[in-house]
S.K.: 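I have a structure here, written as structure tokens, and I will follow up with some questions on it.
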Amino acid sequence: MRVLALLALLAGSAWQLARGQADDACQASDRTYSTETVPAASYQPYEQLNPVVGGMSTKFYVTVVNLTPHRFHLDSTHAYQMNTFDFGDVPQGRARQNAIQYRGTIDTGDDAGEAYYIVDGTSKTFALRIKSYTSGDRRRVMLDLSGMELGQREYVFPGGETAVSLVITGSDKYGFQASLRHGTGGWMHELYDVIRDRPLRHLIVPGSHDAGMSTISDEITSIGSAANTQTQGVNIYDQLRAGSRWFDLRIASVHENGDAATVRGFWALHVNDETASLSIGNTGESLDDIIAQINQFTAENPGEVIFLPLRYLVGRYQFPDNGPIYWDAGLTNTFFAKLRGLNNRCANLDTSGGFQNQPASYFLDRNDGHGCVLPLLNTQHLDASAGVPHDAPGDGIYDLGLAFPTLVDHWSNMMQASDMAPDQIATWRSGTGTRGADGSSSDSSNFLIAQWLVTPDALASTAYTLQNFALEPTNPSLYSAGVNGIDPEHWPNVVLLDYIGVQKQDQWAWDSLSAEAYTLAIGLNLYMASENCGVATHRSPLLRTASLLTAENRRINRTGVYGEQAKKKKQWNGIIFANGTVLDHPPAALHPGKVDMLRAGTVLGNGTVLTESVPNPWV
Ligand SMILES: *[C@@H]1O[C@H](CO)[C@@H](O)[C@H](O)[C@H]1NC(C)=O
Ligand SMILES: *[C@@H]1O[C@H](CO)[C@@H](O)[C@H](O)[C@H]1NC(C)=O
Ligand SMILES: *[C@@H]1O[C@H](CO)[C@@H](O)[C@H](O)[C@H]1NC(C)=O
């Protein structure tokens, strides 16, 4: 008896031990990523960019991105006066572009459909409500995540045949986050425990294409207009808060006409060719403003890595003919003096193995945990033979080519998202973007920049604006085609975007932005990369039994303010309407767009058509 009891005890503790290890060690058998086939993504056809054609469109999509270990199970749908209402399950790690087509061309005010989802294996639910209205923005979507305690937000489709996107990450154990609202801003700090041991080539971060062009400042006299030259809606500070960490910054000095010695400051510049005798384009933010905004962000959000690849680095006259003015050592040193105004630079980093091979903690831990701001110079126009410096490592200013020797910057140079997206995906699914797969031989040493943007010609960009090219065909396709092109073994390191954070045309105030890119950044590092045991040594934090605090609270804990009080304060289950109105404490029964009576003619998900009106059984 005693022996048996002892054996049982031993067996019990061995089991406990095995269980303890399993809870912390990455194991292939834990993988939840689904390879199930989902419907292929549609791209907005080009003619829909014409506002007249797009304005008459009746066809739209709602893309749902699932970066959780739970399947999103479609429980039921019903639709009234819709030609198409094609919703379905969203498997783990995948995106589904759900199709809607309103019947007729005139909104009737009573067209409506709802899709109800269950987050499998949890008590959480969410609903997507599609409605037409007779005034205001007439066709709107309500993403109702109140069943996950993540609030509700109403969106307008950005254009004809475009998508509204919803990104959800986290898990029942870890807590969920969704793209209806931005988080604290410091997503890397929030994920510190997840990413600290990963080399930079195993991270994925959003980036800003032509990041300084959030305004047209006319420091040069040229025909570059907001339509064809402006590439961002919000400044660098808000781009940082919207999740961007890699800033494609093109900086030039502007000089008095005919007087190269008189410098009118350093400016972001976007031109067709910075070394042409006549450059066409315009200037954006000043370097001084950019530096001040980065310093404001890092003061408020310590513990991030911010990459500042800097190019152009030439001068132009106010009237930008008479060619470039190549910088001499003196002007380059004046520029370096400006860069020394950046706080949290990281001096004397080891570039010998390439930054892509350094763990994230190498950067995040510097400056007493405040992280690093890394100016990285593209030196192509800096003439070393004339004594022009290429870097100043003692000041934390680096030569991009030395810091990232394996950098691949892939620009498709295509006008259509339907051409660009497959081209970008093919690049990261080739060897260039293969990550940590089973051992080391197939783990790419490249640091890959995916330019998720289209390049319309001057005529098309002037007619339809770079903003609409970004908001209509291009950015929504990242959440359908792009996400389904990413799996636990393949991804780019930077996804470069135009108009990051902006969801609705010309709505650039912080509270009007939407957090798809921000939530994608968290979800791809937290969920996707964690399912690859060649990348993550530990078990996915989303599966561990120990991680019961929400991401928000973990952050609060690290900064020292923690408790039920803080937790309660951070919970939000309000409503954001498309017109900007916010209800922080709506009545529990308020679900705008909800249908109380299913009218005769309503089509249920199983094909049944109601012959008489009945109360909505899912309310
Ligand atoms: C959070 O902070 C409290 C108070 O300092 C501490 O007792 C608790 O262990 C912390 N939890 C985590 C997960 O760090
Ligand atoms: C915004 O929309 C909400 C809901 O439709 C409405 O109650 C509110 O009055 C609107 N606010 C403005 C300023 O139009
Ligand atoms: C379709 O679904 C409705 C609601 O759940 C149910 O009442 C009805 O019996 C179903 N019809 C068929 C043919 O399964």
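One-based numbering, in listed order, for ligands and for the atoms of each. Bear in mind the structure is a predicted one, so any value in this text is a computation, not a measurement. Computation of the quantities below employed the complete heavy-atom set of this structure, encompassing side-chain atoms and omitting hydrogens, waters and symmetry-equivalent molecules.
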S.K.: Answer yes or no: is there an ion pair linking D86 with R96, defined by an N-O contact shorter than 4.0 Å?
M.R.: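 Salt bridge present between D86 and R96.
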S.K.: Sequence neighbours left out, what passes side chain to side chain contact (heavy atoms under 4.5 Å, CB included) with D89? Give chain and number order.
M.R.: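 Checked D89 against side chain to side chain contact (heavy atoms under 4.5 Å, CB included); matches are R71, H73, L74.
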S.K.: Is the number of heavy atoms from other residues, nucleotides or ligands within 6.0 Å of CD1 (I223) greater than 12?
M.R.: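 Incorrect, the count does not exceed 12.
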S.K.: Strictly below 4.0 Å, N to O, side chains only: are K594 and D596 in salt-bridge contact?
M.R.: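 Judged by the 4.0 Å cut-off on N to carboxylate O distance, K594 and D596 do form a salt bridge.
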S.K.: Please identify each residue that fulfils side-chain hydrogen bond (donor to acceptor under 3.5 Å, both in side chains) with T122, with sequence neighbours left out.
M.R.: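 Not a single residue meets the side-chain hydrogen bond (donor to acceptor under 3.5 Å, both in side chains) criterion with T122.
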S.K.: Please determine, by modelled atom types, if S179 and E516 share a side-chain donor-acceptor pair under 3.5 angstrom.
M.R.: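 Distance-only check fails for S179 and E516.
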S.K.: With a cut-off of 3.5 Å and sequence neighbours excluded, list every side-chain donor-acceptor pair involving residues 159-166.
M.R.:
{"from": "E161", "atom 1": "OE2", "to": "Q48", "atom 2": "NE2", "distance (Å)": "3.4"}
{"from": "T162", "atom 1": "OG1", "to": "G159", "atom 2": "N", "distance (Å)": "2.9"}
{"from": "T162", "atom 1": "OG1", "to": "G159", "atom 2": "O", "distance (Å)": "2.6"}

S.K.: If you count the atoms of ligand 2 from 1 in the order shown, which ones are under 4.0 Å from a heavy atom of F577?
M.R.: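 Listed by number with element: 4 (C).
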S.K.: Please report whether ligand 2 has a polar contact with R140, defined as an N or O pair separated by less than 3.5 Å (distance criterion only).
M.R.: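 N/O-N/O distance below 3.5 Å does not exist for this pair.
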S.K.: So if I only count non-hydrogen atoms and take anything under 4.0 Å from ligand 3, which residues does that give, chain by chain?
M.R.: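 Residues within 4.0 Å of ligand 3: L604, N606, T608.
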